[in-house]
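Step one of this worksheet: look at the structure below.
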There are 2 protein chains.
Amino acid sequence: MTNITIIGSGNMARGIGTRAVVAGSGLQILDRDPAKAAALATELGAEVTSGTLTSPLTGDIVVLALPFDAAKDVVTALGSALSGKTVIDITNPVDFSTFDSLVVAPGTSAAEELAALAAPGATIVKAFNTTFAGALVAGTAAGLPLDVFIASDSDEANAAVAAFVTDAGQRPIVVGPLRRARELEGFQFLVMTLQVNPAFEDFNWNTSLKVLV
Amino acid sequence: MTNITIIGSGNMARGIGTRAVVAGSGLQILDRDPAKAAALATELGAEVTSGTLTSPLTGDIVVLALPFDAAKDVVTALGSALSGKTVIDITNPVDFSTFDSLVVAPGTSAAEELAALAAPGATIVKAFNTTFAGALVAGTAAGLPLDVFIASDSDEANAAVAAFVTDAGQRPIVVGPLRRARELEGFQFLVMTLQVNPAFEDFNWNTSLKVLV
């Protein structure tokens with residue numbers, strides 16, 4: 001199994017960490033605050049290690065389980081430590097001041113911005129931006145595995161993330177190059193607006209976006 | 001029940017027409033070629049009327065079941081005949097020469113372009129762009145009603161389309177103002193690319209996009 005490093009210790013770290021444990025992956029949780037990382041690691045399992053942002057990365061896949069601004073800071077700060085890694089960007093760069101647009105320019109994406117900041121040899125992969133944390137912990141929505149949409153400019157990295165998703169009991173959907181992140185981020189922004197829309201009583205940051213046949 | 005006019009006689013006209021019959025709506029099919037309109041009307045039911053593009057519109061809701069370029073032509077040609085109507089734009093303005101982008105500029109949408117062309121008093125509503133024709137005929141995907149995403153700048157028009165969708169046995173999801181069409185069109189473009197992706201044997205213009213809880 002692939003080893004996974006998750007940077008962050010919030011709800012999305014818990015969700016993806018839960019999936020990594022299901023997948024049987026070696027798992028490392030890192031956080032600026034090592035006590036928070038240790039607490040989540042303990043919660044997820046005895047084999048899960050933890051550390052701070054300067055700890056050596058044990059994962060081949062590094063998940064930035066962070067908001068967009070923090071993800072930019074971490075990609076910059078870690079620099080060449082991410083070279084050779086498959087780096088998963090989960091962010092939805094929503095302008096929460098208006099909840100009416102993204103903070104990235106039309107026609108681009110958070111993932112592409114992160115790729116521009118990343119050190120040579122680090123491969124940014126968009127994934128898990130349409131899966132809410134609670135659904136990841138549960139591993140199903142409406143009795144079905146979650147769809148995890150994956151986009152990057154590396155077929156190898158897409159395949160590695162898809163294998164992790166499959167091992168985690170979910171359905172990978174590799175959608176193509178990293179520029180497809182703009183469609184993934186745009187639509188999840190729309191889905192997020194529904195969570196706070198009083199017309200949808202059942203939608204409460206608990207929905208799952210699925211391509212059904 | 002609301003009366004519906006569908007302009008076009010192709011697969012999407014058949015799909016939405018089938019739903020209109022289920023809803024108990026009065027239904028009119030119009031096409032540049034009146035023989036094609038008559039054939040689809042006959043197929044859909046004895047009460048369904050047909051005509052050509054110059055026929056008086058009997059529907060309060062007018063569905064442009066057309067490709068984007070044809071929809072632009074029809075909105076322009078019909079002009080003030082659409083005033084007072086709720087006009088549904090179903091289009092996905094995909095650049096089929098590359099299958100890598102939309103033909104509308106980033107940050108805008110086919111729906112907004114059609115609204116700019118429409119006569120005063122015509123209300124453009126984005127809807128049915130994420131529902132493939134076959135799924136509309138079937139009325140379910142994986143045993144569940146389809147989600148029909150709806151966006152416009154008129155609460156009244158959104159409500160009218162939502163009522164039609166509910167009567168047709170499907171789930172309306174009113175996502176907000178017309179500018180949300182850009183996210184709806186962007187994501188459906190992505191979903192369309194999956195239909196021709198050999199990695200997804202089951203995806204063959206038969207999928208349904210659904211927000212599950």
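Treat the numbers as computed from the prediction; the structure is a model and nothing was measured. Chain identifiers are assigned alphabetically (A, B, ...) following the order of the sequence lines, protein sequences preceding nucleic acid strands; residue numbering begins at 1 within each chain.
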message: Can you confirm if the aromatic rings of A:F187 and B:F149 lie within a centre distance of less than 6.0 Å?
response: yes

- request: Could you tell me which residues in residues 111-144 of chain A have at least one non-hydrogen atom under 4.5 Å from a non-hydrogen atom of chain B, sorted by residue number?
  value: A:A141, A:A142, A:L144

Flag if over 12 foreign heavy atoms under 6.0 Å of CZ, B:R171: yes

- prompt: Given that the side chain runs from C-beta out, which part of B:D147 has a heavy atom under 4.5 Å from chain A: side chain, backbone, both or neither?
  reply: neither

Between A:A105, A:G107, A:P106, A:S101, the one whose heavy-atom pairs under 4.5 Å with chain B are most numerous: A:P106

field: Residue-level interface, residues 190-213 of chain A with chain B, non-hydrogen cut-off under 4.5 Å
entry: A:L190, A:T193, A:L194, A:N197, A:F200, A:D202, A:F203, A:N206, A:T207, A:S208, A:L209, A:K210, A:V211, A:L212, A:V213

Residues of residues 176-186 of chain A with any heavy atom under 4.5 Å of a heavy atom in chain B: A:R179, A:R180, A:E183, A:L184, A:G186

field: Crowding at CG, A:N11 (>12 non-hydrogen neighbours, <6.0 Å)
entry: no

query: Quick one: salt bridge (charged side-chain N to carboxylate O under 4.0 Å, His left out) pairs with a partner in residues 14-23 of chain B, sequence neighbours left out?
result: B:R14-B:E43

query: Quick one: of B:V174, B:D100, B:L102, who has the most non-hydrogen atom pairs under 4.5 Å with chain A?
result: B:D100

